[in-house]
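These notes are about the structure you will find just below.
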Amino acid sequence: MTSDSVIDELKKAQILELLEQGKRVDGRTLDEPRKICIEINAIPKANGSARVYLGDTQVLCGVKIQPDKPFPDVGDKGMFMCTAELLPLSHPTVETGPPQAPVIELARVVDRGIRESHMVDVSDLVIEKDKSVVGVFADVVAIDYDGNLFDACSYAATAALLTSKTPTWEMVDDQPSVVEGADKPLPVTTIPVSVTMGKIGNYIVVDPNGDEWDSMDSRVTITTDSDGNICALQKGGSDGFTQDEINQCGELSIKVGAKIREQLKSVQQESQ
């Protein structure tokens with residue numbers, strides 16, 4: 001066993017000892033997320049952008065909106081896509097190079113939560129059917145890592161989309177042309193909120209920080225829409241959840257998500 005493994009085991013033992021007393025290493029209750037700070041218009045030249053601080057985890061999202069070719073099998077709908085990246089300065093373990101499996105999973109979880117909630121009405125992003133549609137691309141970058149990038153990146157992408165302005169295009173000589181002065185908000189139908197919960201021993205904690213993340217046996221990320229419906233779920237880690245634990249996580253995602261959604265609504269209203 002390496003010295004790092006010894007330290008990890010001691011850290012987990014301390015975290016479990018606190019959990020048995022109903023406490024966490026940073027003083028939060030088990031169902032309490034860290035403080036969320038959202039700054040909009042963080043990237044002046046983007047169509048929409050947001051910087052999110054989730055405790056000491058910091059991420060930045062920029063949204064690019066542009067004309068694009070429709071997918072061959074869906075010519076009457078626009079497109080949405082989310083990507084993710086971890087900067088080497090975000091954590092000592094992050095290296096440059098092609099994205100590793102955890103980063104790919106991060107992008108897919110954020111993308112799925114937004115896509116499956118139908119947050120962006122892609123049917124309203126058509127310039128001319130089967131010829132030209134509008135593509136919405138959200139690029140998320142992790143700047144500082146202290147656990148739970150899933151939620152931090154999701155909140156940044158959602159806030160950036162809520163505050164985005166899309167140009168209006170019309171077809172001129174079979175090519176999309178911008179209509180000057182006709183920018184408008186994205187067609188948004190709901191506000192998805194993801195809540196990630198970690199299982200440490202027999203305890204479920206909301207929004208694990210860096211130390212808790214390293215000590216987790218398993219995790220689950222559940223995304224709900226504005227009606228409180230669960231629209232996406234991703235499980236990770238080596239251990240499993242019982243049916244009762246999954247039910248508990250579902251209830252937590254709805255309760256905690258409702259409070260975070262109000263904060264995102266405030267950001268949306270601030271941009272109008």
Side-chain angles (χ1 to χ4, degrees), residues 38-52 59-85 107-141 153-194 223-227 229 231-232 260-272:
I38 304 173
E39 299 176 359
I40 59 174
N41 302 322
I43 306 174
K45 293 187 177 180
N47 294 104
S49 60
R51 185 192 304 270
V52 166
V59 300
L60 180 67
C61 178
V63 173
K64 177 66 176 177
I65 303 173
Q66 61 188 30
D68 215 317
K69 294 289 184 182
F71 292 120
D73 57 337
V74 194
D76 60 346
K77 292 181 180 178
M79 60 183 70
F80 168 77
M81 186 177 299
C82 180
T83 64
E85 179 184 359
R108 289 180 177 175
V109 171
V110 175
D111 183 284
R112 187 187 306 129
I114 294 172
R115 188 188 302 270
E116 294 302 321
S117 71
H118 304 290
M119 176 187 180
V120 180
D121 184 4
V122 291
S123 64
D124 196 35
L125 297 178
V126 180
I127 302 172
E128 185 169 330
K129 184 178 178 181
D130 296 325
K131 288 188 176 181
S132 185
V133 297
V134 178
V136 180
F137 305 94
D139 300 318
V140 187
V141 178
C153 290
S154 178
Y155 304 156
T158 299
L161 291 169
L162 286 172
T163 57
S164 288
K165 296 294 188 294
T166 176
T168 299
W169 288 273
E170 61 182 3
M171 297 300 285
V172 178
D173 297 329
D174 220 28
Q175 295 293 328
S177 177
V178 173
V179 179
E180 297 295 336
D183 291 4
K184 57 185 179 182
L186 272 175
V188 171
T189 65
T190 190
I191 300 178
V193 176
S194 76
T223 302
T224 57
D225 62 18
S226 294
D227 295 325
N229 299 314
C231 50
I260 297 171
R261 188 172 291 107
E262 290 303 313
Q263 190 169 351
L264 289 165
K265 283 182 182 177
S266 298
V267 169
Q268 183 183 29
Q269 293 167 358
E270 179 186 338
S271 70
Q272 294 175 349

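Not measured: the values here are computed from a predicted model. Residue indices begin at 1 and follow the sequence shown.
Legend: side chain to side chain donor-acceptor pair (under 3.5 Å) pairs involving residues 161-180, not counting sequence neighbours, sorted by first then second residue: Lys131-Asp174.
Counting only heavy atoms from C-beta outward, the side chains of Thr223 and Glu116 never approach each other to under 4.5 Å. At a threshold of 4.5 Å between non-hydrogen side-chain atoms, the residues Ser271 and Leu162 do not count as touching. You'll find the side chain of Asp121 stays beyond 4.5 Å of the side chain of Leu125, heavy atoms only. Pro167 places a side-chain heavy atom less than 4.5 Å from the side chain of Asp183.
Of the inter-residue distances, the one linking Ile191 atom CD1 with Asp225 atom CG reads 10.5 Å to the nearest 0.5 angstrom. Thr190 OG1 to Asp227 CG: the interatomic distance, rounded to the nearest 0.5 Å, is 6.0 Å. The structure places CZ of Phe71 at 4.0 Å from CE of Met79, a figure rounded to the nearest 0.5 Å. For the atom pair SG of Cys82 and CZ of Arg115, the computed distance is 9.5 Å after rounding to the nearest 0.5 Å.
Judged by distance alone, the side chain of Ser49 and the main-chain N or O of Ala42 form a donor-acceptor pair under 3.5 Å. Judged purely by atom type and a 3.5 angstrom limit, Thr158 uses its side chain to pair as donor or acceptor with the backbone of Ser154. When atom types are taken as modelled, the side chain of Asn47 and the backbone of Ile65 share a donor-acceptor pair closer than 3.5 angstrom. Remark: side-chain polar atoms of Thr189 are paired, donor with acceptor, to backbone N or O of His118 under 3.5 angstrom.
Under the side chain to side chain donor-acceptor pair (under 3.5 Å) criterion, Asp68 pairs with no residue at all, not counting sequence neighbours.
Contact record, Met119 with Pro192: SD-CD, 3.6 Å, taken as the closest heavy-atom pair. Summarising the geometry of Ser123 relative to Lys77, their closest heavy-atom pair is CA-CG, 4.2 Å, with the distance given to 0.1 Å. Closest approach of Ala157 and Cys61 over heavy atoms only: CA-SG, 3.6 Å. Of all heavy-atom pairs spanning Asp124 and Pro187, the tightest one is OD2-CB, 3.6 Å. Looking at every heavy atom in both residues, Ala50 comes nearest to Ala160 through CB-N, 3.8 Å. Looking at every heavy atom in both residues, Ser132 comes nearest to Pro67 through OG-CB, 4.2 Å.
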Verify side chain to side chain contact (heavy atoms under 4.5 Å, CB included) between Leu60 and Ile43, making sure each step is shown before the conclusion. CA-CA 9 Å; Leu60 180 67; Ile43 306 174; 4.1 Å; yes

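Checking Thr224 against Arg261 by side-chain atom types alone, a donor-acceptor pair falls below 3.5 Å.
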